[in-house]
Structure formats: C-alpha cells, structure tokens
Amino acid sequence: MAVNRELKFLHINLDRKRVATNLLFQTISEQGIDVVLGQEPNKALKDAIRDKEDDVFIWLKRRMRTKSIHRDRGFVAMEIGGFTLVSVYFLPNKSTGEFETMINSLDSFVAGRDGRRVLIAVDLNAKCVMFDSDVANVYGRVLERFMRARLFTPT
C-alpha cells in the first residue's frame, strides 16, 4: 500500500563549495528532504538534473519519478506529479541582454505549461524595490518591468 505524504522541498545556493554540498546531504538525511532546487552546484553533487550551463540543478530522491525534463540556459525544469519544478540562476557578470533573453525563455516555458501548477526557485542576482530591496540594479529594473507587464496586463 502506498503512503501519501507531503513532499519536503529545499532551495539552496551551494556557491560551488564542496563543504556546502556535504552539508546539503547531511540536511537531506536529517530533515527528510525529497526535492532540492538549487544554484551553483559543486562537482561533488551527483545524480542531479542540471541546466545546459551547469549553473542550476534539481535533485530528487531516487524513488521519485519524473515525466519530463527541460534543460535550458539558466534554468532546468521537470514535471513531477501534477506540477512542474523549475530552478533558475543568473550569473551576476552577464549582460542585461542575456538577462532579458533568459527571462523571456523562462516566461515562454512557463506559459507552455497549460495551467499546470509551477514551483520556481530563483537566484537572479537582481535587486529591486518590488522585492523589498533598498537598492536596485540593472537586472532588478528589467525584472520589475517584466513582472509589472505580466502581472498588470489585462488578459
């Protein structure tokens, strides 16, 4: 008989550090974590689904099954159960144009989920007032324009 329980998620940026990866697996074990959505993985992180640039990952317990996997630049996504998981990262030394391209690609991907529930874990290195930052950077201003257009545009 299958036991139905809630999944435990963790979102983390490992900063490409081996010690952070070791602590991650200790936390997974101690806390019973089922899914990790993260950024900046270390090479010691095995068995994770990664994006095309090796900057983001999704890690699942072995017994979990996925329906599909999508790898892109700056994000990786997979379907599990009735929803889609997405992990997103944008390096702080890339151009504003690259940021806009990635955001638009992510937007297109999410729009293609046809109303499915989507969980997105992000580290965009974007600072903006919309998200309670005291300062704004160029990525933050782009993100704010994007969010305002998506949230406040009549459908």
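The residues of the chain are indexed from 1 along the displayed sequence.
Using a 4.5 Å heavy-atom cutoff, the side chains of D54 and P41 are in contact. The side-chain heavy atoms of R73 and S105, taken from C-beta on, include no pair separated by under 4.5 Å. For the pair Q39/I12, no side-chain contact is recorded, criterion being any heavy-atom separation below 4.5 Å from C-beta on. V122 places none of its side-chain heavy atoms less than 4.5 Å from the side chain of Y89.
L24 is not connected to V19 by any chain of hydrophobic side-chain contacts under 4.5 Å among Ile, Leu, Val, Met, Phe, Trp and Tyr, and they are in different clusters. The hydrophobic cluster containing V110 also contains M147, counting ILVMFWY residues as joined when their side-chain heavy atoms lie under 4.5 angstrom apart, directly or transitively. Hydrophobic cluster membership is shared by I80 and I69, with clusters built from Ile, Leu, Val, Met, Phe, Trp and Tyr side chains linked at under 4.5 angstrom. Tracing side-chain contacts under 4.5 Å through hydrophobic residues (I, L, V, M, F, W, Y), one reaches V76 starting from F83; they form part of the same cluster.
Remark: D55 pairs with R16 by the salt bridge (Lys or Arg N to Asp or Glu O under 4.0 Å) rule, at least two apart or across chains. Every residue was checked against the salt bridge (Lys or Arg N to Asp or Glu O under 4.0 Å) condition with D134, not counting sequence neighbours, and none meets it.
Of the possible donor and acceptor atoms, none in the side chain of T66 sits under 3.5 Å from a partner among the backbone N and O of S68. A donor-acceptor pair under 3.5 Å links the side-chain atoms of E144 to the main chain of M130, judged by distance alone. Between the side chain of S108 and the backbone N or O of N104, at least one donor-acceptor pair lies under 3.5 Å. With hydrogens and angles disregarded, a donor-acceptor distance shorter than 3.5 Å links the side chain of N137 to the backbone of K127. A donor-acceptor pair under 3.5 Å is formed between the side chain of S87 and the backbone N or O of G38. Judged purely by atom type and a 3.5 angstrom limit, S133 has no side-chain atom pairing as donor or acceptor with the backbone of V129. K8 contributes a side-chain N or O that, together with a main-chain N or O of Q31, makes up a donor-acceptor pair within less than 3.5 Å. Side-chain N or O atoms of S29 include none that pairs as donor or acceptor with a backbone N or O of F25 at under 3.5 Å.
E98 and S95 share a side-chain donor-acceptor pair at under 3.5 Å.
Summarising the geometry, atom CG belonging to D72 is positioned 8.5 Å from atom CG belonging to L106; distances are rounded to the nearest 0.5 Å. Note that CG of L143 is 11.0 Å distant from CD of E100, once rounded to the nearest 0.5 Å. In this structure, CG on N125 lies 8.0 Å from CG on N13, to the nearest 0.5 angstrom.
In terms of heavy atoms, C128 sits closest to G140 at CB-O, 3.5 Å. D51 and G74 make their closest contact through OD2-N, 3.1 Å (heavy atoms, listed as atom of the first residue, atom of the second, distance). Here the closest heavy-atom approach between residue H11 and residue A121 is recorded as CD2-CB, 3.4 Å. I33 and K61 make their closest contact through O-CE, 3.0 Å (heavy atoms, listed as atom of the first residue, atom of the second, distance). Heavy atoms only, all atoms of each residue included: N42 and R18 are closest at ND2-N, 3.2 Å. When every heavy atom of V36 is checked against every heavy atom of I28, the shortest pair comes out as CG2-CD1, 3.8 Å.
R116 and E79 are joined by a salt bridge, as a carboxylate oxygen and a charged side-chain nitrogen come within less than 4.0 angstrom of each other. The pair E40-K17 does not meet the salt-bridge criterion, since no charged nitrogen lies less than 4.0 angstrom from a carboxylate oxygen. A salt bridge links E53 with K94: at least one charged nitrogen is closer than 4.0 Å to a carboxylate oxygen.
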Inset, instruction - Apply the test side chain to side chain contact (heavy atoms under 4.5 Å, CB included) to residues L37 and V86: give CA-CA distance (whole Å), side-chain angles for both, the deciding distance (0.1 Å), then the verdict. - result: CA-CA 8 Å; L37 298 111; V86 185; 5.9 Å; no

Legend entry - Worked check of side chain to side chain contact (heavy atoms under 4.5 Å, CB included) between L119 and T84: CA-CA 6 Å; L119 173 69; T84 301; over 6 Å; no

Inset, instruction - Take V88 and M102, measure what side chain to side chain contact (heavy atoms under 4.5 Å, CB included) needs, and give me the verdict at the end. - result: CA-CA 9 Å; V88 185; M102 192 273 299; 3.8 Å; yes

Inset, instruction - List the steps and the verdict of side chain to side chain contact (heavy atoms under 4.5 Å, CB included) for D34 and F9. - result: CA-CA 6 Å; D34 299 298; F9 291 86; over 6 Å; no

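Sorted by first then second residue, the ring-ring contact (aromatic ring centres under 6.0 Å, His included) pairs that include residues 99-123, not counting sequence neighbours, are H70-F109, F75-F109, F90-F99, F99-Y139.
Within a 6.0 Å sphere centred on CZ of R113, heavy atoms belonging to other residues, nucleotides or ligands number more than 12. Taking a 6.0 Å sphere around CG of D132, one finds it holds 12 or fewer heavy atoms contributed by other residues, nucleotides or ligands.
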